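Here the structure is laid out as structure tokens; the discussion comes afterwards.
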Protein chains: 2
Amino acid sequence: MLAIGTLAKRTGTKVQTIRYYEQIGLLPEPGRTEGGQRRYGDDDLDRLAFIRHARQLGFTLEAIRELLDLSDNPGRSCADIDRIAHRQLKEVEARIARLEALRKELRRMLRECSRDTVSDCRVLEVLRDHSACLADHETGA
Amino acid sequence: MLAIGTLAKRTGTKVQTIRYYEQIGLLPEPGRTEGGQRRYGDDDLDRLAFIRHARQLGFTLEAIRELLDLSDNPGRSCADIDRIAHRQLKEVEARIARLEALRKELRRMLRECSRDTVSDCRVLEVLRDHSACLADHETGA
DNA sequence: GCTTGAACCTCTACCTGCTGTAGCTTGTAA
DNA sequence: TTACAAGCTACAGCAGGTAGAGGTTCAAGC
């Protein structure tokens, strides 16, 4: 049986985070010693590793909760899982697109910032120039 | 003079968000009517648009606070601003790299998930397989 | 068997960047 | 004048944790 600190080290999770996952019902309440300390088994280790891996892949805790529910009831269709993973992929692709646009504008800003003092700096000018933004939300785009 | 709702519409910001920015000191306290309602001028509009634009570019409120401080003291070197923008670019690039790795793994997961029931599903298997994660943090990577 | 101190416990508050609600007041147009 | 949209303050809540206070337990060394 593992103490919470050992479980934390093995999964690369903070102790408080493990207790937090228990609190929100992602991890089951573990057994306790006579003195009240938590003790974990291998199944807890697996479940926590699953959660951490999914978090690293960008799944929200709610999506992970769904995945865990599905895997706790293994009779159901693979399509459910597929749907969750697809939704996740769409979100990731949208985030990438947004960040790439952002990177482009930041690079342009930096290319144009070659003056010496703040009053000449293109970065601030670019940020101050909000015509595009105004157009964006006024046209509902 | 603009009421808060007008300012909100013109900049695509929620009314509460404007009051929040004032509360944390990003926007100065505006003038008030006799009845206590906030009234804004064009400089407030500019400042808020600057903030919103920078937020859209992914700058944190702390970074924006730095940028505003710099532009309030225009004698300083452009290098400070350049440094902030560069830091932002690095962060964006790191996020993109991470998301691209993620997209790759999600696509692989989905390609391999062609079975019918949860117990056969590769998605859960992939998520359950934490050998890579364990290796990662045990080697300090 | 005893002592020490690292690790555990609960509880609470805090973080970012907002958003929403309750209950009340003000401004403005008809 | 009256109706009601829009304003006001104050506080709670979201995700996904993190940090600290103040107290208890476990386990290794002597």
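We name chains A, B, ... by the order of the sequence lines, and we start the count at 1 in each one. Because the structure is a prediction, the values reported are computed rather than measured.
- Atom CD of Glu62(A) and atom C1' of dG17(D) are 15 Å apart (whole Å).
- At dC26(D), none of the side-chain N or O atoms of Arg39(A) fall inside 4.0 Å of OP1 or OP2 (strictly under the cut-off).
- For Ile4(B), the listed nucleotide lying nearest its side chain is dC8(D); candidates were dC18(C), dC8(D), dA27(D).
- Counting to the nearest Å, the P atom of dG16(D) and the CG atom of Leu27(A) are 15 Å from each other.
- At least one side-chain nitrogen or oxygen of Arg55(B) sits closer than 4.0 Å to the OP1 or OP2 atom of dC18(C).
- The separation between Gln23(A) atom CD and dT18(D) atom C1' is 13 Å, rounded to whole Å.
- Between the C1' atom of dT18(D) and the CZ atom of Arg19(A) lies a distance of 12 Å, rounded to the nearest Å.
- Checking the phosphate oxygens (OP1, OP2) of dC18(C), a side-chain nitrogen or oxygen of Tyr21(B) falls inside 4.0 Å.
- Checking Gly36(A) against Gly35(B), the closest nucleotide of DNA chain D that is more toward the 5' end is the one next to Gly35(B).
- Whole-Å rounding puts the Arg65(B) CZ to dC15(C) P distance at 12 Å.
- Rounding to whole angstrom units, CZ of residue Arg38(A) and C1' of dT10(C) are separated by 9 Å.
- Annotation for Ala85(B) and Leu106(A): closest pair O-CD2, 4.4 Å, computed over non-hydrogen atoms.
- Closest to the Gln37(A) side chain, of the nucleotides dC26(D), dT10(C), dC8(D), is dC26(D).
- Between the C1' atom of dA7(C) and the CG atom of Leu7(A) lies a distance of 14 Å, rounded to the nearest Å.
- Look at Thr17(B) and you'll find a side-chain N or O under 4.0 angstrom from OP1 or OP2 of dT19(C).
- Using a 4.0 Å heavy-atom distance criterion, Ile24(B) is classed as making no nucleic acid contact.
- Across dC9(C), dG7(D), dT19(C), the shortest atom-to-atom separation from the side chain of Arg32(A) is found for dC9(C).
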Just do the salt bridge (charged side-chain N to carboxylate O under 4.0 Å, His left out) check on Arg103(A) and Glu91(B) with the steps written out, would you? CA-CA 10 Å; Arg103(A) 178 176 63 186; Glu91(B) 272 168 33; over 6 Å; no

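- With DNA chain C read from its 5' end, the first of the two nearest nucleotides for Glu34(B) and Leu61(B) is the one closest to Leu61(B).
- Considering only heavy atoms from C-beta on, Glu22(A) comes within 4.5 Å of Arg38(A) through its side chain.
- Candidate nucleotides dG17(C), dA19(D), dG7(D) were compared by shortest atom distance to the side chain of Gln16(A), and dA19(D) ranks first.
- The closest side-chain donor-acceptor pair between Arg52(B) and Tyr21(B) falls under 3.5 angstrom.
- Electrostatic pairing of Lys90(B) and Glu93(B) counts as a salt bridge here, judged by a charged N lying under 4.0 Å from a carboxylate O.
- Within the structure, a side-chain polar atom (N or O) of Thr33(B) is placed less than 4.0 Å from OP1 or OP2 of dG27(C).
- For Arg52(B) and dC18(C), the shortest distance from a side-chain N or O to OP1 or OP2 is below 4.0 Å.
- Of the possible donor and acceptor atoms, one in the side chain of Arg55(A) sits under 3.5 Å from a partner among the backbone N and O of Phe59(A).
- Under 4.0 angstrom from either OP1 or OP2 of dG16(D) there lies no side-chain N or O belonging to Lys14(A).
- Taking atom CD of Glu22(A) as the reference point, atom P of dC8(C) lies 14 Å away to the nearest angstrom.
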